[in-house]
Amino acid sequence: SVSRVGGSAQIKSMKKVAGTLKLDQAQFRELEAFSKFGSDLDATTMSILDKGTKNVEILKQGQYQPLAVEKQVAIIYCGTKGLLAGIATDKVKDFEKEYLDFLEFKHKETLESIRGGKFDAEIEKLLTAVAKEVAERYK
């Protein structure tokens with residue numbers, strides 16, 4: 001959806017988290033097209049391709065299954081910060097569900113703060129810690 005990656009319709013926390021997403025995805029698309037012609041890719045290029053592929057997965061939503069904006073912010077944070085690096089692409093949706101469920105049940109107040117537009121170092125620290133904990137089950 002357009003409101004996820006651009007525009008003035010975004011809440012402050014989404015703007016903060018998704019600020020680099022458009023640029024990251026543009027770089028990914030360019031490298032993705034280039035990589036089809038070459039087989040020898042350096043580690044940096046492989047990392048960008050991996051991150052971009054996983055960001056595409058987290059941006060997908062099921063038809064008639066919109067994700068609450070605070071949950072979008074939380075999962076996009078994982079993607080933009082590279083917290084999905086050790087997870088296989090085909091497991092990203094499983095990770096996303098478990099991660100968001102964990103936040104919903106254990107840190108509902110944090111999600112409410114994000115919905116209200118708050119996004120500070122404390123929230124980043126919590127989201128990172130939860131992501132790392134959940135990611136351990138997908139390595």
Evaluate the criterion side-chain hydrogen bond (donor to acceptor under 3.5 Å, both in side chains) for residue pair Y77 and T128; output intermediate values, then yes/no.
-> CA-CA 9 Å; Y77 174 80; T128 300; 2.9 Å; yes

Hey, could you give me the [atom1]/[atom2] distance between [X] and [Y], rounded to the nearest 0.5 Å?
X: F95; Y: I87; atom1: CZ; atom2: CD1; answer: 4.5 Å
X: Q72; Y: L100; atom1: CD; atom2: CG; answer: 10.0 Å
X: Q27; Y: Q25; atom1: CD; atom2: CD; answer: 10.0 Å
X: L127; Y: F119; atom1: CG; atom2: CZ; answer: 5.0 Å
X: E109; Y: I123; atom1: CD; atom2: CD1; answer: 9.5 Å
X: T53; Y: I48; atom1: OG1; atom2: CD1; answer: 11.5 Å

On a heavy-atom basis, the closest approach of I75 and I58 is O-CD1, 3.4 Å

Using a strict 4.0 Å threshold on nitrogen-to-oxygen distance, state whether [X] and [Y] make a salt bridge.
X: K118; Y: D120; result: yes
X: K71; Y: E96; result: no
X: K108; Y: E104; result: yes
X: E57; Y: K54; result: no
X: R137; Y: E98; result: yes

Exercise for the section: Kindly assign one of parallel, tilted or perpendicular to the pair F102 and H107, based on the angle between their ring planes and the thresholds 30° and 60°. Expected result: tilted

Counting only heavy atoms not in K93, do more than 12 fall under 6.0 Å of its NZ? yes

More than 12 heavy atoms of other residues, nucleotides or ligands under 6.0 Å from CD of E30: is that the case? no

Look at the side chain of [X] and the backbone N and O of [Y], then say whether any donor-acceptor pair between them is shorter than 3.5 Å.
X: K139; Y: G86; answer: no
X: S47; Y: A43; answer: no
X: S13; Y: I114; answer: yes

From CA spacing to verdict: side-chain contact (heavy atoms from CB on, under 4.5 Å), T110, V130: CA-CA 12 Å; T110 300; V130 170; over 6 Å; no

Can you list the steps and then say if E122 with K125 is a salt bridge (charged side-chain N to carboxylate O under 4.0 Å, His left out)? CA-CA 5 Å; E122 187 179 316; K125 187 176 173 183; over 6 Å; no

Open item on the list: Using side-chain heavy atoms (C-beta onward) and a distance below 4.5 Å, is L41 in contact with L31?
Closed with: no

With side-chain hydrogen bond (donor to acceptor under 3.5 Å, both in side chains) as the test, would you mind laying out the steps for T45 and D42 before giving the verdict?
-> CA-CA 5 Å; T45 303; D42 64 7; 2.5 Å; yes

